[in-house]
Amino acid sequence: MTDRQFTFPTAEKLKSRKLIQQLFAQGKSAHVPLLTCHFLIDPAPLPVPLQAGVGASSRQFKKATDRNRIKRLLREAYRHNKYELLKMLTNQGQTMVLFFIYTGKELPTLQQVENAVQLILQQLQRRISTTKPS
RNA sequence: CUAUAUUCCCGAGCCAUCGUUCCGCUAACGCGGGAAGGAAAGUCCGGACAGCACAGAGCAACCUACCGGUGAAGAGCCGGCUUUCGCCUCCGGCGAAAAGAGAAAGUGCCACAGAAAAUAACUACCCUAUUCGCAAGAACAGGGAAAAGGUGAAAAAGUGAGGUAAAAGCUCACUAUGCCGUUGGGUAACCAAUGGCAUGGGUAAACCUUAGGUGCUGUAAUGCCAUGUAUAGGAUCGCCUGAAGACUGCUCGUCUGAGAUCCAGGGUAGGCAGCAAGAUCAGUACAGCAAUGUACUGACCAGAUAAAUGAUGGUUUAGAAACAGAAUCCGGCUUACGAGGAAUUAGCUUU
C-alpha cells in the first residue's frame, strides 16, 4: 500500500474479456437505487487485490456523451471511496472483481453517484466479512 | 437605435488540489510536454491504403447528364450560359431557384370537372336525302367541320387577312416553337443576323432511349510473433472420366488443381506492425474575377482497445449555459446547436 489512496491506475481496471464474461456468468450482484454492482470473490489469480469496471446501458442512454459522463462520474466516485474495501481485502488475502452498472434513467450528479457507490461498497464489505475463511 | 433572416468569426482563459492516458528523460522516486469537434454525428458522395494468384467476350445491374475551370477525386467548389420566378428607375438592370440530355423512337399514365385528356363532335354551325307541314320550319338518317360555348392545371400554335356550304396552317403576312444549314462573335454552353423544311398537349421524380462511366470487399482490412489443441470421431462429394475455388452479379471462356462441405466436440480470444509527419497546420508574398495554385518561413498538434482527455474550489468576464465524444486517415455534402462579436437587409427616431 502506498500513501496515495485516491488513485485508479491501469492495473486496477478490469480489462480481461475473459474475466468479465466469467464475472457476469458466475458472479453475484448488489443493488441500490441508481446502481447495480456485479462482483465475484476470489476468481482467477490477479496482480492486484481489486479490479473494477464501469458501464451504462446504451439502450437507456443513446448518446455517447451521456454514457461517457456517467462512466466518468462512477470512476471518480469509486476512486474516492474504494480504499476501505481494498484495505479489508488486502488484510484477508482475498481478491475481487467488480463491475458497476448505472441503472438510473436520467443523468445523475456526482453527489448522487457518490452516495450510491458508498452504499454498495459498504454492502460488499459486509459480505466479505461473512465469507471470511475460517 | 431596434428587429428578423442569411453569411462569417468564436465554441473560453488562468490558478490550486486530486486523478486518467500517451510520449520523452531518469537506476529509481519522479520531472517535463501533448490530450476531442465544428460538427468528432448522419454514413450521403469522393479518394488514399490493404487484400482478393491472372487475360478476355457478352448480358444484366448501378451511377452521371448545359459549358468551362479547379482539384488526387467527386453527386463538391468557382465562374459562365439557358430557362423560370420576383423586384426596380422596365428596348435594360438586380436578385433567387433549377432532378438543366431526349416526349419529333416506342409503350404506359393524366385525379375532379368536362362531350372529349389524345385515333376529340355534347351544344350550337353547314350540306345532302327522306318524312311531315300551305309556309316559316320540325323530325330523323348520312356526311362535313375544331371557328364559337362551357369544364379543367392543361383542350389540339397566336393575331390579322384570304378562302368556304360552314370551316380548318387550307393559303398568305408577322410572331412562336422544333429540325437542318450559312455568316459573325465566343475555348465552349450559347448569342446575334439570316435561308430552307415542319406545326407535334403534359409526364422521363413511369418504363425507356442516347451519350459517358463503374471489378469486389472494407482497418473487426491485412502482415507477423507468441500460446494452445486433436494427425481423435461421424456423414456426403471428389482425387485428372476434375471435388472445390478464382477472375465476375449471371452466361461463356480462361486459370488453379486434392481436398471440400456439414454434424458433434476441443483450443485460443494475448502481443507487435497497420497507427498518427500529412492532398498537415499557421503566416507572408505572387498569379487568378473566383474556386484554387505556386514560392518562402515557421510549427509538430489525441492515438485508446471494457476503450484516456475528468472532478472540486477560486478567479477573469456582459456570459461560460447549446449541439455533442475521436477509433485507419483525408477532401466534401447534409443535419444538430448557443452566450457574444462582425457584415448585409428591413424598419423607426433624431439632425
Side-chain angles (χ1 to χ4, degrees):
Chain A
M1 286 294 289
T2 62
D3 295 337
R4 296 164 62 241
Q5 295 178 324
F6 304 118
T7 61
F8 192 29
T10 312
E12 289 188 19
K13 289 176 183 167
L14 182 56
K15 289 186 173 233
S16 163
R17 192 181 291 266
K18 202 174 179 180
L19 206 53
I20 291 167
Q21 280 186 1
Q22 188 187 349
L23 167 61
F24 280 100
Q26 302 174 9
K28 298 177 180 178
S29 59
H31 303 271
V32 295
L34 299 181
L35 202 61
T36 294
C37 182
H38 294 271
F39 66 96
L40 186 61
I41 300 171
D42 284 325
L46 294 175
V48 292
L50 184 61
Q51 282 194 335
V54 296
S57 164
S58 63
R59 201 173 301 165
Q60 193 64 247
F61 297 95
K62 290 182 178 175
K63 292 175 185 170
T65 32
D66 294 341
R67 291 196 297 276
N68 276 346
R69 173 80 187 162
I70 289 166
K71 282 149 81 176
R72 280 170 185 155
L73 292 177
L74 282 171
R75 274 197 295 266
E76 188 73 8
Y78 172 72
R79 96 181 157 83
H80 276 124
N81 295 287
K82 67 171 183 176
Y83 59 92
E84 288 287 349
L85 181 62
L86 185 59
K87 194 159 69 183
M88 201 165 170
L89 285 167
T90 309
N91 291 341
Q92 299 187 5
Q94 288 185 306
T95 63
M96 192 175 192
V97 291
L98 306 174
F99 201 94
F100 294 95
I101 293 175
Y102 183 73
T103 54
K105 296 190 175 177
E106 290 174 359
L107 273 177
T109 62
L110 178 68
Q111 196 56 50
Q112 289 174 321
V113 173
E114 196 147 9
N115 290 341
V117 168
Q118 282 170 358
L119 272 174
I120 279 212
L121 289 175
Q122 284 166 16
Q123 281 189 21
L124 291 176
Q125 286 177 51
R126 282 200 297 276
R127 295 217 193 189
I128 287 174
S129 58
T130 57
T131 59
K132 182 177 180 179
S134 54

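Below, read A as the first sequence line, B as the second, and so on, with proteins coming before strands; counting in each chain starts at 1.
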- Identify the nucleotide, in any strand shown, that forms a Watson-Crick or G-U wobble pair with B/U182, with both distances under 3.5 Å; if there is none, say none. B/A193
- Provide the distance between the two C1' atoms, one in B/A60 and one in B/A260, to the nearest whole Å. 31 Å
- In whole Å, what separates the P atom of B/G202 from that of B/C179? 14 Å
- Query: What residues, two or more places apart in sequence or in another chain, satisfy side-chain contact (heavy atoms from CB on, under 4.5 Å) together with A/Ser29?
  - Reply: A/His31, A/Thr36, A/His38
- Which whole number of Å gives the distance between the P atom of B/G259 and that of B/A244? 16 Å
- Figure out the CZ/P separation between A/Arg79 and B/U20, and round it to whole Å. 7 Å
- Message: Could you tell me how far apart A/Lys63 (NZ) and B/A326 (P) are, to the nearest whole angstrom?
- Response: 14 Å
- Message: Whole angstroms only, please: what is the OH-C1' distance between A/Tyr78 and B/C18?
- Response: 17 Å
- Message: Taking B/G271 as the reference, what is the distance to B/C44 when you measure between their C1' atoms (whole Å, please)?
- Response: 38 Å
- Message: According to ring-ring contact (aromatic ring centres under 6.0 Å, His included), who are the partners of A/Tyr78, at least two apart in sequence or on a separate chain?
- Response: A/Phe8, A/Phe100
- Message: Pair A/Thr65, A/Asn68 - check side-chain contact (heavy atoms from CB on, under 4.5 Å), show working.
- Response: CA-CA 5 Å; A/Thr65 32; A/Asn68 276 346; 5.6 Å; no
- Task: Could you classify B/C301 for me, syn or anti, using a glycosidic angle within 90° of 0 as syn?
- Result: syn
- Item | First of A/Gly53 and A/Phe8 reached from the 5' end of RNA chain B, by closest nucleotide | A/Phe8
- Task: State whether the side chain of A/Arg67 and the backbone N or O of A/Phe61 hold a donor-acceptor pair below 3.5 Å, judged by distance alone.
- Result: yes
- Query: Nearest-Å distance, CD1 (A/Ile101) to C1' (B/A306)?
  - Reply: 11 Å
- Message: Suppose you measure atom C1' in B/C262 against the same atom in B/U43; what distance do you get, rounded to whole Å?
- Response: 38 Å
- Query: With sequence neighbours left out, what residues match A/Gln118 under side chain to side chain donor-acceptor pair (under 3.5 Å)?
  - Reply: A/Asn81
- Task: Send over the distance from A/Tyr83 OH to B/C18 P, rounded to a whole Å.
- Result: 16 Å
- Message: Taking the side chain as everything from C-beta on, heavy atoms only, tell me whether A/Val32 gets closer than 4.5 Å to A/Asn115.
- Response: no
- Task: In whole angstrom, give the distance that lies between atom NE2 of A/His80 and atom P of B/A311.
- Result: 12 Å
- Under the salt bridge (charged side-chain N to carboxylate O under 4.0 Å, His left out) test, which residues partner A/Glu114, sequence neighbours left out? none
- Between B/A98 and B/G325 - C1' atom distance, rounded Å: 39 Å
- So which one's nearest nucleotide on RNA chain B is more toward 5', A/Leu73 or A/Phe99? A/Phe99
- Please give the nucleotide sitting opposite B/A16 as a Watson-Crick or G-U wobble pair, both distances under 3.5 Å, or none. B/U312
- Task: Send over the distance from A/Leu74 CG to B/U20 C1', rounded to a whole Å.
- Result: 15 Å
- Item | Syn-anti status, with the boundary at 90° from 0, for the nucleotide B/A36 | syn
- Rounded to whole angstroms, how far apart are CZ on A/Phe61 and P on B/G325? 14 Å
- Task: Compare side-chain N and O positions of A/Arg75 against OP1 and OP2 of B/A311 and report whether any pair is under 4.0 Å apart.
- Result: no
- Query: Taking C-beta and beyond as the side chain, do A/Leu98 and A/Lys82 meet within less than 4.5 Å on heavy atoms?
  - Reply: no
- Give A/Arg67 one of three labels, base, sugar-phosphate or nothing, depending on what nucleic acid heavy atoms sit under 4.0 Å from its own. nothing
If you restrict it to nitrogen or oxygen atoms, what contacts under 3.5 Å exist between nucleotides 34-41 of chain B and the protein, and what is each distance?
unit_1	atom_1	unit_2	atom_2	d
B/A36	N1	A/Arg72	NH2	3.4

- Message: Please classify the glycosidic conformation of B/G169 as syn (within 90° of 0) or anti (everything else).
- Response: syn
- Query: Can you tell me how far P in B/U175 sits from the matching atom in B/A346, rounded to whole Å?
  - Reply: 42 Å
- What does B/A188 pair with, Watson-Crick or G-U, if both distances are under 3.5 Å? none
- Query: What's the base orientation of B/G38: syn (chi within 90° of 0) or anti?
  - Reply: syn
- Message: Which nucleotide, if any, forms a Watson-Crick or G-U wobble pair with B/U123, using both distances under 3.5 Å?
- Response: B/A148
- Name the pairing partner of B/G259, where a pair is Watson-Crick or G-U wobble with both distances under 3.5 Å, or state none. B/C237
- Euclidean distance for C1', B/A141 against B/G106 (whole angstrom): 41 Å
- With both distances under 3.5 Å as the test, what is the Watson-Crick or G-U wobble partner of B/U268? none
- Note on the structure: Contacts of A/Phe39 meeting ring-ring contact (aromatic ring centres under 6.0 Å, His included) (sequence neighbours excluded), chain-then-number -> none
